[in-house]
Amino acid sequence: MRIATWNVNSVSARLPRLLDWLGTAEPDVLCLQELKCAEDAFPSGEIGELGYEVAAHGTGRWNGVAVLSRVGLEEVRRGLLDEPGYLADGAMFETKEPRAIGATCGGIRVWSVYVPNGREVGHAHYAYKLRWLDALRATAAAELSSPRPFAVLGDFNIAPTDADVWDITAFDGCTHVSEQERKALTALAETGLTEVRPRALKYDVAFTYWDYRQLRFPNNQGMRIDLIFGNEAFTSLVADSYVDREARKGKGTSDHAPVVVDLTAP
DNA sequence: ATGTCCGCTAAAAGCGGA
């Protein structure tokens, strides 16, 4: 079974590339992030023609996540357990955002997640990011009582190690590499999850994101922030994993590349 | 070589967000 995750940066803008990639990579399950469209505006017709069922969680302009599956789509759950919203400075209420959706596909439990960016260390959005990650940890912990294969896939907006950014000296004091963010990843892993590390198809590090600006992709100045964490029942099935950097080439691309994981049949 | 791109708006140029 082939499972993948991809931050598409607008499913509408990316639809031609997405349909093309589905046709060539042929994932059985695809977790999407940054839909930037409402649930009822999701292009499930075109995607359905390729044999995929769709569960989407989106509200419009920002965020939005989905699971596509051609091996069944059950037990869909939108949002985390006790998921926090974003409490902006001076705001009276939190705003909930569509950043997580869970589903069971062919016996595998998957979560597609889009972790808050954080903006700057110390920003209200950074506090939100850490609270949100704790809710993700609690949600994973609650579901891990089941022995079935389980994985969290998505855009974590965190580089697990200094080697996962193109130049750590360019990230001094920045989000994505801070100790608190990395501790949140460790806490998530301590629920019983191990990171699946993809192969790089070119260069040494399997970056998954390159900013559109400043020729970051041609210069391979990227970050590895799209991650996959699985329990033992999941990771023991892993036959291969890689980042499809070809999908980042050319016109009309996302700023992220898909991460693919191939499982042997359970 | 893509020297950003996306979606939204008391809208068609400027803005927030990434």
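In what follows, every chain begins at residue 1, and chains take the letters A, B, ... in the order their sequences are listed. Excluded from the calculations below are hydrogen atoms, water molecules and symmetry mates; all remaining heavy atoms, backbone and side chain alike, are included. A quick note: this is a predicted structure, and the numbers were derived from the prediction, not measured.
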Taking syn as a glycosidic torsion within 90° of 0 and anything else as anti, which one is B/dA11? anti
With rounding to the closest Å, how many angstrom separate the C1' atoms on B/dC15 and B/dA11? 12 Å
Among B/dG17, B/dA18, B/dA1, which is the nearest nucleotide to the side chain of A/R99? B/dA18
Among side-chain atoms of A/Y52 and A/E46, is any donor-acceptor pair under 3.5 angstrom? no
Taking any heavy-atom pair under 4.0 Å as a contact, classify A/R216: base, sugar-phosphate, or nothing. nothing
Hey, what do you get for CG (A/N157) to CD (A/Q33), rounding to the nearest 0.5 Å? 10.0 Å
Length of the CG-P vector between A/N220 and B/dT2, whole Å: 15 Å
Map A/W62 and A/K251 onto DNA chain B by nearest heavy atom, then report which one ends up closer to the 5' terminus. A/K251
Which nucleotide in the list B/dA18, B/dC6, B/dG3 gets nearest to the side chain of A/R14? B/dC6
Map A/D255 and A/F217 onto DNA chain B by nearest heavy atom, then report which one ends up closer to the 5' terminus. A/F217
Given the C1' atoms of B/dC5 and B/dA10, what is the spacing between them in whole Å? 26 Å
Output the rounded distance in Å from NZ (A/K36) to C1' (B/dC5). 7 Å
Qualifying residue, where the test is side-chain contact (heavy atoms from CB on, under 4.5 Å) with A/L193 and the options are A/I228, A/N231, A/L185: A/N231
Provide, to the nearest angstrom, the distance between the CZ atom belonging to A/R17 and the P atom belonging to B/dC5. 12 Å
Which is true for A/Y209 with a 4.0 Å heavy-atom rule: it touches a base, it touches only sugar-phosphate, or it touches nothing? nothing
Rounded to the Å, how far apart are A/N63 CG and B/dG7 P? 14 Å
For A/Q214 and B/dC5, what is the distance between atoms CD and P respectively, to the nearest whole Å? 13 Å
Could you tell me how far apart A/Y114 (OH) and B/dA18 (C1') are, to the nearest whole angstrom? 6 Å
Quick one: does A/T139's side chain get under 4.5 Å of A/D82's, heavy atoms only? no
Would you say A/R213 places a side-chain N or O within less than 4.0 Å of OP1 or OP2 belonging to B/dT2? no
Length of the CG-P vector between A/N219 and B/dG3, whole Å: 12 Å
Roughly how many Å apart are B/dC8 and B/dA12, using the C1' atom of each and rounding to a whole number? 12 Å
Options B/dA18, B/dG16, B/dT2, nucleotide nearest the side-chain atoms of A/R61: B/dG16
Kindly indicate whether the side chain of A/T208, heavy atoms from C-beta on, has any atom under 4.5 Å from the side chain of A/F156. no
Determine the contact category for A/R248: base if any of its heavy atoms lies under 4.0 Å from a base atom, sugar-phosphate if only primed atoms, P, OP1 or OP2 are that close, otherwise nothing. base
Whole-Å distance, A/E97 CD to B/dA18 C1', equals 13 Å
Would you say the side chain of A/T194 lies within less than 4.5 Å of the side chain of A/F229, judging by non-hydrogen atoms? no
